[in-house]
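In what follows, a single structure is set out as structure tokens and then discussed.
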Amino acid sequence: MAASISKTLTRNLLRRSGETTQALQLRLSSAASSAPAISVTETQPPEKGGPSKWSNLLLFVPGVITFGLGSWQIIRRQDKIEMLEYRQNRLQMDPLNCNEVSPSGENVDSLEFCRVLCRGVFDEKKSIFIGPRSRSISGVTENGYYVITPLMPLANDPKSVQAPILVNRGWVPRNWRDKSLEMAAADEQPSSIAPPSQESGKSSWWMFSSKKNKVEEDQVPTVKPTEVIGVIRGSEKPSIFVPANDPNSFQWFYVDVSAIARACGLPENTLYIEAINDNVDPSNPYPIPKDTNTLVRSSVMPQDHLNYTFTWYSLSAAVTFMAYKRLQSKKTRR
């Protein structure tokens with residue numbers, strides 16, 4: 001009887017201990033599975049709005065840039081108005097005597113666009129052609145060149161220039177340059193005429209001596225002076241798209257005063273002027289000098305700067321509005 005009672009107690013204790021062991025195992029397994037989730041959630045940083053704020057600010061950068069470009073065009077327009085007024089005031093002044101102008105660089109820069117009166121004779125053989133330059137004639141565009149010729153002093157003429165100057169005489173057609181190059185090539189070729197023999201020289205000596213005085217009387221060279229009214233100018237500043245000048249092949253694409261003076265055998269500080277003439281002779285139109293209206297014009301006029309200003313401001317308003325709408329759409333999605 002006692003033995004049966006002890007066996008029953010032993011079974012009950014083992015059953016209870018098994019149940020507690022299984023419960024402990026279940027609790028440990030559930031704790032182990034939930035522990036990584038808790039650690040992950042604790043180690044994740046909280047979401048912040050820093051990167052989104054910077055991206056929102058970047059949306060307004062194009063609007064700021066285009067607004068700045070529009071404001072810069074306003075400044076450029078004011079500078080252009082002042083420059084054109086400066087030219088007009090200079091062109092309305094009385095012309096100066098060319099001999100009173102010093103060829104130094106500083107003096108020339110301060111006297112640019114001042115009118116000067118010059119008197120001398122053109123050395124046509126040393127003409128240089130700048131171009132090509134297009135010109136609209138009666139609605140038809142024709143390519144040509146600007147011809148620059150040295151104006152040389154005249155002996156025994158107190159009104160003449162005391163030193164050579166370079167004169168941009170105006171626009172000429174393309175055939176002017178072609179003829180000038182042909183004449184230069186012909187002058188460089190050696191003469192094909194053989195010298196006379198001694199016998200022919202002796203037989204014709206009396207004829208030459210008898211006619212010598214008569215030829216000198218009939219063919220006295222007369223040099224007609226030329227008066228030029230022009231404005232003092234400096235060298236041009238070519239853009240990156242303009243090729244470099246090549247004096248050896250007679251290719252001149254822009255005005256470089258010092259280089260042109262060297263090519264003509266003149267000092268580098270030679271004075272350079274552009275001839276002006278509002279009244280062109282129809283019978284002898286070429287070269288066509290520049291008129292005063294051309295000199296007071298610019299490639300970009302003040303009205304063009306104003307148009308650019310409206311364009312940039314319109315773009316600024318458009319891209320700023322688009323950035324604002326983009327931010328509004330993000331807020332509605334949230």
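Excluded from the calculations below are hydrogen atoms, water molecules and symmetry mates; all remaining heavy atoms, backbone and side chain alike, are included.
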Checking the side chain of [X] only, and the main-chain atoms of [Y] only, is there a donor and an acceptor separated by less than 3.5 Å?
X	Y	value
Asn89	Glu85	yes
Ser316	Trp312	no
Arg87	Phe113	no
Thr270	Leu266	no
Asn168	Gly170	yes
Thr294	Lys290	no

Please list all pairs passing the salt bridge (charged side-chain N to carboxylate O under 4.0 Å, His left out) test where one or both residues lie in residues 128-142, with sequence neighbours left out.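 Matches after skipping sequence neighbours: Arg133-Glu236.
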So which pairs with a foot in residues 150-160 pass salt bridge (charged side-chain N to carboxylate O under 4.0 Å, His left out), sequence neighbours left out?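 Salt bridge (charged side-chain N to carboxylate O under 4.0 Å, His left out) check on residues 150-160 returns Arg119-Asp157.
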Determine the minimum heavy-atom distance between [X] and [Y], stating which atoms define it.
X	Y	value
Pro95	Leu117	CB-N, 4.3 Å
Val296	Gln88	CG1-CG, 3.7 Å
Asn99	Gln162	OD1-N, 2.9 Å
Leu151	Gly120	CD1-C, 3.5 Å
Arg115	Met93	NH2-O, 3.0 Å
Pro153	Ser160	CA-OG, 3.3 Å

Can you find a pair of side-chain heavy atoms, one from Val116 and one from Val231, that are under 4.5 Å apart? no
Below 4.5 Å, heavy atoms only, C-beta onward: do Pro287 and Trp176 meet side chain to side chain? yes
Spatial distance of atom [atom1] ([X]) from atom [atom2] ([Y]) [nearest 0.5 Å]:
X	Y	atom1	atom2	value
Leu69	Arg76	CG	CZ	13.0 Å
Arg77	Trp72	CZ	CH2	15.0 Å
Thr292	Ile276	OG1	CD1	7.0 Å
Cys114	Ile273	SG	CD1	12.5 Å
Ile165	Thr149	CD1	OG1	11.0 Å
Cys264	Ile128	SG	CD1	3.5 Å

Worked verdict on Ile148 versus Ile260 for side-chain contact (heavy atoms from CB on, under 4.5 Å): CA-CA 9 Å; Ile148 299 177; Ile260 293 174; 3.9 Å; yes
Answer yes or no: does atom OH of Tyr86 have more than 12 heavy-atom neighbours from other residues, nucleotides or ligands under 6.0 Å? yes
Quick check on the hydrophobic clustering: are Met322 and Leu315 connected, directly or via other members, by side-chain heavy-atom contacts under 4.5 Å? no
Please tell me whether Phe129 and Trp171 are part of a single hydrophobic cluster in this structure, the criterion being side-chain heavy atoms less than 4.5 Å apart. yes
Report yes or no: is the cationic atom of Arg174 (NZ for Lys, CZ for Arg) closer than 6.0 Å to the six-membered ring centre of Tyr145, at no more than 45° off its axis? no
Fellow cluster residues of [X], listed by chain then number, with links counted only when side-chain atoms sit under 4.5 Å apart:
X	value
Leu59	Phe60, Leu327
Ile74	Phe67, Tyr313
Met301	Met83, Leu84

Judged by modelled atom types alone, do Ser180 and Ser127 share a side-chain donor-acceptor pair under 3.5 Å?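 The answer is no; no qualifying pair exists.
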Apply the test side-chain contact (heavy atoms from CB on, under 4.5 Å) to residues Asp291 and Leu295: give CA-CA distance (whole Å), side-chain angles for both, the deciding distance (0.1 Å), then the verdict. CA-CA 7 Å; Asp291 55 6; Leu295 292 173; over 6 Å; no
Would you please test Glu124 and Arg169 for salt bridge (Lys or Arg N to Asp or Glu O under 4.0 Å) and show each step? CA-CA 11 Å; Glu124 299 281 354; Arg169 299 163 60 191; 3.0 Å; yes
Please assess Asn307 against Gln303 for the test side chain to side chain donor-acceptor pair (under 3.5 Å), listing each intermediate value before the final yes or no. CA-CA 6 Å; Asn307 295 335; Gln303 183 61 37; 3.3 Å; yes
Name each donor-acceptor pair under 3.5 Å that joins a side chain in residues 249-257 to protein atoms two or more places apart or in another chain, with its distance.
| residue | atom | partner | partner atom | Å |
| --- | --- | --- | --- | --- |
| Ser249 | OG | Asp246 | O | 3.4 |
| Ser249 | OG | Asp246 | OD2 | 2.8 |
| Asp256 | OD1 | Ser258 | OG | 3.2 |

